[in-house]
Amino acid sequence: MKRERAVHHLKALVESCTDMQTMLPATAPLRVVQLWALGRILEAPAELDVVQVALVVDLPVDDVPWLDEPKGAQHWANAVRLNKNPVHAYWRSAHAPVWNHEVVRPVLLWDAKRRR
């Protein structure tokens, strides 16, 4: 996909993160508290196969296994149409660093605390 389209997907995801914060916990129990961009979208303009993001949730580290989804992630992803777009999400705990050996030099796009 072209870079402009990838940026469009990121902007839409930022809006979705904001919208999901207004949902009642019973409707959307999983709370994403930060959205980070990473990977090729941060490099020189180029065609992309997928946009990589890190979605940070306010769950204990043990509840967010590496390369897996925490409980409620599919519901959240479906609500924001994450699976309908060329976006690959790494789920991370807010109680651990976002970065690791695969999430390198991420850029914070959205933070729930800054939106209040």
Side-chain angles (χ1 to χ4, degrees):
M1 89 189 91
K2 294 187 179 195
R3 183 177 185 81
E4 294 82 21
R5 189 68 182 156
V7 170
H8 166 78
H9 288 305
L10 288 176
K11 287 180 180 178
L13 194 50
V14 166
E15 291 175 16
S16 294
C17 287
T18 301
D19 292 345
M20 290 298 285
Q21 289 297 308
T22 65
M23 304 284 273
L24 295 173
T27 305
L30 183 66
R31 293 295 180 184
V32 171
V33 297
Q34 291 180 332
L35 168 65
W36 297 73
L38 59 124
R40 292 190 59 217
I41 188 71
L42 304 177
E43 299 171 3
E47 293 281 320
L48 302 169
D49 294 327
V50 67
V51 177
Q52 293 178 302
V53 298
L55 295 167
V56 177
V57 293
D58 190 17
L59 291 174
V61 174
D62 291 342
D63 290 352
V64 189
W66 175 240
L67 296 179
D68 203 357
E69 299 174 337
K71 184 177 178 182
Q74 278 297 314
H75 178 76
W76 192 93
N78 289 335
V80 302
R81 301 180 50 82
L82 187 69
N83 300 331
K84 300 288 183 187
N85 294 311
V87 176
H88 175 77
Y90 293 97
W91 294 90
R92 307 295 290 149
S93 170
H95 306 284
V98 173
W99 52 90
N100 64 14
H101 65 289
E102 285 195 36
V103 179
V104 179
R105 298 180 66 195
V107 173
L108 182 63
L109 299 179
W110 178 85
D111 188 321
K113 291 180 184 174
R114 294 183 186 170
R115 294 290 177 181
R116 293 181 186 165

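Just so it is clear, the values below take in all heavy atoms, side chains as well, and ignore hydrogens, waters and symmetry mates. Note that this is a predicted model, so its numbers are computed, not measured.
Of all the heavy atoms in L38 and V53, the pair that sits closest is CD2-C, 3.5 Å. Nearest approach of R105 to L42, heavy atoms of both residues: O-CD1, 3.5 Å. The heavy-atom pair separating W36 from L108 by the smallest distance is CE3-N, 3.3 Å. Pairing each heavy atom of V51 with each of M1, the nearest pair is CG2-CE, 4.0 Å. Residues A37 and L10 approach most closely at CB-CD1, 4.3 Å, considering heavy atoms. The nearest pair of heavy atoms linking E43 to R3 is O-NH1, 3.3 Å.
With rounding to the nearest 0.5 Å, the separation of CG in L59 from NE2 in H95 is 7.0 Å. One finds the CG atom of D58 at 7.5 Å from the OG atom of S93 (value rounded to the nearest 0.5 Å). A distance of 5.5 Å separates CH2 in W110 from OG1 in T18, rounded to the nearest 0.5 Å. Summarising the geometry, atom CD belonging to E4 is positioned 12.0 Å from atom NE2 belonging to H9; distances are rounded to the nearest 0.5 Å.
Side-chain N or O atoms of Q21 include one that pairs as donor or acceptor with a backbone N or O of V32 at under 3.5 Å. Using a distance-only test at 3.5 Å, with no hydrogens or angles considered, no donor-acceptor pair links the side chain of R40 to the main chain of Q52. Put simply, the side chain of N85 never gets that close to the backbone of V87: no donor and acceptor are under 3.5 Å apart. The backbone N or O of V98 sits less than 3.5 Å from a side-chain atom of R92, completing a donor-acceptor pair.
Few gaps surround CH2 on W66; more than 12 heavy atoms of other groups in view lie less than 6.0 Å from it.
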